Number of protein chains: 2
Amino acid sequence: MKRPTIADVARRAGVSKGAVSYALNGQPGVSAATRQRILDIAAEMGFSPSSAARALSGASAEAVGLALCRPARTLGIEPFFMELISGVEAELAARSYALTLQVVTDPAAEIAVYRRWWGERRVDGVLVCDLRTDDRRVPVLEELGLPAVVIGGPAGTGRLASVWSDDAAALVETVEYLVALGHRRIARVGGLPDLLHTEIRTEAFDRACRRLGLADAVTVPSDYTGEEGARATRRLLSSAARPTAVIYDNDVMAIAGLSVAQEMGLAVPADLSIVAWDDSPLCQLVHPPLTALSRDIPAYGAHAARQLLAVIGGADPAGLQDETAHLTPRGSTAPPRSG
Amino acid sequence: MKRPTIADVARRAGVSKGAVSYALNGQPGVSAATRQRILDIAAEMGFSPSSAARALSGASAEAVGLALCRPARTLGIEPFFMELISGVEAELAARSYALTLQVVTDPAAEIAVYRRWWGERRVDGVLVCDLRTDDRRVPVLEELGLPAVVIGGPAGTGRLASVWSDDAAALVETVEYLVALGHRRIARVGGLPDLLHTEIRTEAFDRACRRLGLADAVTVPSDYTGEEGARATRRLLSSAARPTAVIYDNDVMAIAGLSVAQEMGLAVPADLSIVAWDDSPLCQLVHPPLTALSRDIPAYGAHAARQLLAVIGGADPAGLQDETAHLTPRGSTAPPRSG
DNA sequence: CTGAAAGCGCTTACAG
DNA sequence: CTGAAAGCGCTTACAG
């Protein structure tokens, strides 16, 4: 089938190509009646303007990019990214923006992708995940002048816009809740140690435990996979003074931890309380259902997308604080058995 | 920062724009020495050809599209799609193709997306998931002449290329395995009934059960969510002659089913054997680990992408049979207690 | 092997 | 309000 062009529409409508362009883009320059007639004819012909031609004439690419730097197996199992993408998509689709996705294997490759996208004018802006300490992506994006919104922060985002959530506050709430239940030995299985939000959480955890007089507040680093979560849990539960509560940096590790506890003959929550960060439906699939730190991830993605569109539209890059994750108590937490 | 164009490179190299184009695209028309010099200069300037200009001059968009039609919550929780995307990506990235992703809410919207992408020349081809009976997307794509590869089949794909796996064979293997263990009352919690592969599985299940003389071979339809999987399981386990084994059409429902069984005081596998279709890492996170039908999903995606690139390149659309899922026995299956 | 030129399908000042 | 024209940055026949 041949694709109709603006010239075809112009011919059918008996006007110039310019007139069709004005009509389609809501610009002044055509009468209301003509505009309607052109729109009707365009719709009838199934005309969509070529995104390439449009992008080439100085208009935008009408696409934003998302590069995800995680090993493939982690990507698949963590509901977080797909939920984020759903939210981003919902916002973009409403404005007819496309989402260009690229999975990369390391930060250097991710930077190369940004440089290429920029050179190709393939995207109008990018969403940046998994902020690290001294993140090299930030100065590169600043230098390129490629509109960007960092999902994370608020520190370390340079002059880029950002959307972030107060992880420290959520962690403090969790520790206080566990202490109120009577727990004194609380441990944590953290995410990838390189990530800035892991650092923020670890520091908040240490500070909260110190303030509340908890001695053995240990964080075992991990990588978000169930495998590592299980290994870390085994280590913690085999130690001399085993913790009575463990906080996990994502739900997949928490589920793995639950399984390990049951395997070791520990009852959850009587012998061990478990809290999961990121409350995907997985948390309610297991038995007992997991107490979790809940957030609306699709909304988070939607906010990031909206902000990116604003920056692309010329708005000043700003930081936006999103909802703080809130504790949703379920069956996996209770006072420790021994009291 | 200003983006270098082909003219900038040509000027620096002291040649014409045409020469630069030939050099970059590996076309004859420049000497080896000149070509190398041009490539060096282009690399040094950080030049990437504008994808828009390239697409407009008749070359391809260098992008393929994937529209996913599932409710957001299902997308997030099912590892399948992210694993598929990882595999697709790996194949595309090697050829510098971009992946354009769009989440849609219903089949009509998905068709509209295809029409728009086609009109916009935004993608060179599309990957089609979740084939249905009398799928309306197939004739539309045929009519548009938009290169496409259906992930599913082999029936119902019309003249489109496809990549498929023999689900019927995998299901037969599973039923025979359960019967060999001594099970006589086997049930199944199926996926969305509208999907063609659900139909294929249901029919294979019925036929296998009939052949083996199993009377109560019931399939309860579901929607892949843990919620529905749990509900279906409760229904099955509350029935008069409750099954001693249940086959689930995905791993999320199987995990939910495991949880329900434990909640109802049934031991897995002694009182109930469980088999999950799709063997994501989730299956090994729970206790007992789930017997599952394993397949290499990223490879499946990679094969689909490779085939799409072939069709885009002018190859005749063909059907490719991928690996059949194979049963991986784990702790969730055993002979039934009563024998 | 190289250069000059047309053309892809739009957008957008610029005359009328 | 409308039409003719330039220009975006490439690719690709077409002469030299």
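Each chain gets a letter, A, B and so on, in the order its sequence line appears, and its residues count up from 1. For clarity, every value in this text was computed on a predicted model and none was experimentally measured.
An OP1 or OP2 oxygen of D:dT2 is reached within less than 4.0 angstrom by a side-chain nitrogen or oxygen of A:Thr34. Close to C:dG3, at under 4.0 Å from its OP1 or OP2, lies a side-chain N or O of B:Ser16. The phosphate of D:dC10 (OP1 or OP2) has no side-chain N or O of B:Ser57 nearer than 4.0 angstrom. In this model, the phosphate group of D:dG9 is not approached by any side-chain N or O of B:Arg54 to a distance below 4.0 Å at OP1 or OP2. At the phosphate of C:dG9, neither OP1 nor OP2 sits under 4.0 Å from any side-chain N or O atom of A:Ser50.
For B:Gly14 and A:Ser21, each mapped to the nucleotide of DNA chain C holding its nearest heavy atom, the one lying further toward the 5' end belongs to B:Gly14. Residue whose closest nucleotide on DNA chain D sits further toward the 5' end, between B:Arg3 and A:Ser31: A:Ser31. The residue among A:Val20 and B:Ala32 whose nearest nucleotide of DNA chain C is located toward the 5' end is B:Ala32.
In plain terms, the two heavy atoms of A:Ser48 and B:Arg116 that are nearest each other are OG-CA, 3.9 Å. The nearest pair of heavy atoms linking B:Trp118 to B:Leu144 is NE1-O, 3.2 Å. Minimum interatomic distance between B:Gln102 and B:Trp117 (heavy atoms only, all atoms of both residues): CB-CZ2, 3.8 Å.
Rounded to a whole Å, the CD1 atom of B:Ile6 is 8 Å from the C1' atom of D:dT11. Atom NZ in B:Lys17 sits about 12 Å away from atom C1' in D:dT12, given to the nearest Å. Rounded to a whole Å, the CZ atom of A:Arg121 is 16 Å from the C1' atom of C:dT11. Taking atom CD of residue B:Gln27 and atom C1' of nucleotide C:dT2, one finds them 15 Å apart after rounding to whole Å. Look at CG on B:Asp8: it is 13 Å from C1' on D:dC10, rounded to the nearest Å. Summarising the geometry, the separation between CZ on B:Arg122 and P on C:dC8 is reported as 21 Å, rounded to the nearest angstrom. The CG atom of A:Leu24 sits 12 Å away from the P atom of C:dT12 (whole-angstrom rounding). Protein atom CG of A:Asn25 is 9 Å distant from nucleotide atom C1' of C:dC10, rounded to whole Å.
In the set C:dG9, C:dT2, C:dT12, C:dG9 carries the atom at the smallest distance from any side-chain atom of B:Leu56. Checking D:dT11, C:dT2, D:dC10 against every side-chain atom of B:Val30, the shortest atom distance belongs to C:dT2.
Across all strands shown, C:dC14 forms a Watson-Crick or G-U wobble pair with D:dG3, both key distances being under 3.5 Å.
Remark: A:Arg137 is not positioned above the aromatic ring of A:Tyr114, lacking an NZ or CZ atom under 6.0 angstrom from the ring centre and at most 45 degrees off the axis.
When the options A:Val128, A:Ile151, A:Val138, A:Leu131 are evaluated for a side chain to side chain contact (heavy atoms under 4.5 Å, CB included) with A:Thr157, the one that passes is A:Leu131.
At the heavy-atom level, B:Thr5 lies under 4.0 Å from the strands shown only through sugar-phosphate atoms.
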